[in-house]
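Structure first, then comments.
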Amino acid sequence: MLRVLVLVSGGGTNLQAIIDAVAAGKVTNTSLVGVISNNKTVKSLERARNAGIPAVSVSPKDFPDRDAFNKAFLEKVDEFAPDLIVLAGFLVAIPAAMVQKYSGRIINIHPSLIPSFCGVGYYGLKVHEKALERGVKVTGATVHFVTEGMDEGPIIAQKAVCIEEGDTPEILQRRVMEQAEWLLLPQAIDDIANGRVTVVDGKAVRTR
Ligand code: GAR
């Protein structure tokens, strides 16, 4: 069983998609061992607890500086002894020490087709605002391994989503979630849990 720890910052619809996919048997060989949020009040913690998954918060606001937070954060992650860490709308930079310790064992969902609309400053609704501002006709979502460069790790899976006349950032965000994110992220976990993803020469390859 792959021990999966999910990190969240917001509403947790991706977390819910993972919980539901595990419960429905669409994601196998996986145990959701915990949820960590950087925000004490988010709906995500409730979603986790409703599913019987231990959920805790660790906020940078509770520490005197970033180093102290990073240390406590890594200790909290270690307590869950995860095989895989899933960033499901986690908007805090992952400390370098954590990326190194869990190298090849952290994945992230990003709401665009990387390398478009990604990197510093591109998160959540802002990604969709930028896509609409640029006037692109197709966007989507990407699941990738996390490396030290932001949104630069090997791409596991992507799915395109069309932009439609009259889209607002909110409408587009919802469509990208429904048509791409909520499918891609559980699928990637299932693929990893069942040994179907390997990284060769810096690129993720799906086998079988
Ligand atoms: C999702 O759209 C996710 O792709 C995005 O935050 C949202 C979280 O929604 N993540 C990023 O922008 C990471 N750079 P959720 O809390 O409802 O899952």
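Order of listing sets the numbers, starting from 1, for every ligand and every atom in it.
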- Has ligand 1 got any nitrogen or oxygen that is less than 3.5 angstrom from a nitrogen or oxygen of N108? no
- Item | E164 backbone acceptor or donor facing D167 side chain under 3.5 Å | yes
- Task: Measure from the side-chain N and O atoms of Q158 to the backbone N and O of I114, and report whether any donor-acceptor pair falls under 3.5 Å.
- Result: yes
- Item | NZ/NE/NH1/NH2 to OD/OE distance under 4.0 Å, E79 and K76 | yes
- Query: So which protein heavy atom does atom 12 (O) of ligand 1 come closest to, and at what separation?
  - Reply: G124 N, 2.8 Å
- Query: Among protein heavy atoms, which sits nearest to atom 17 (O) of ligand 1, and what does the distance come to when rounded to 0.1 Å?
  - Reply: T13 OG1, 2.7 Å
- Query: Do L5 and L7 touch side chain to side chain, with heavy atoms closer than 4.5 Å?
  - Reply: yes
- Message: Taking 4.0 angstrom as the limit and counting only heavy atoms of E181, give me the atoms of ligand 1 inside it, by number and element.
- Response: 1 (C), 2 (O), 3 (C), 4 (O)
- Using only heavy-atom distances, determine whether the side chains of N39 and S9 contain a donor-acceptor pair under 3.5 Å. no
- Message: I need the nearest protein heavy-atom contact for atom 11 (C) of ligand 1: residue, atom name and distance, please.
- Response: P111 CD, 3.6 Å
- Message: Return the closest protein heavy atom for atom 9 (O) of ligand 1 as residue, atom name and distance.
- Response: M177 CE, 3.4 Å
- Query: Between K43 and E46, is the closest basic N to carboxylate O distance under 4.0 Å?
  - Reply: yes
- Note on the structure: Checking heavy-atom distances from atom 14 (N) of ligand 1 to each of K126, M150, H110, the winner is H110
- Message: Ring centroids only, cut at 6.0 angstrom: are F73 and F90 within range, meaning strictly under it?
- Response: yes
- Sub-4.0 Å atoms of ligand 1 with respect to non-hydrogen atoms of G89: 6 (O), 8 (C), 10 (N)
- Task: Answer yes or no: is there a donor N or O on one side and an acceptor on the other, between the side chain of N108 and the main chain of H144, under 3.5 Å?
- Result: no
- Message: Between ligand 1 and N14, is the shortest N or O to N or O distance under 3.5 Å?
- Response: yes
- Note on the structure: Nearest heavy atom to atom 10 (N) of ligand 1, choosing from V176, I109, T142, belongs to I109
- Using distance alone, determine whether G12 and ligand 1 share an N or O pair under 3.5 Å. yes
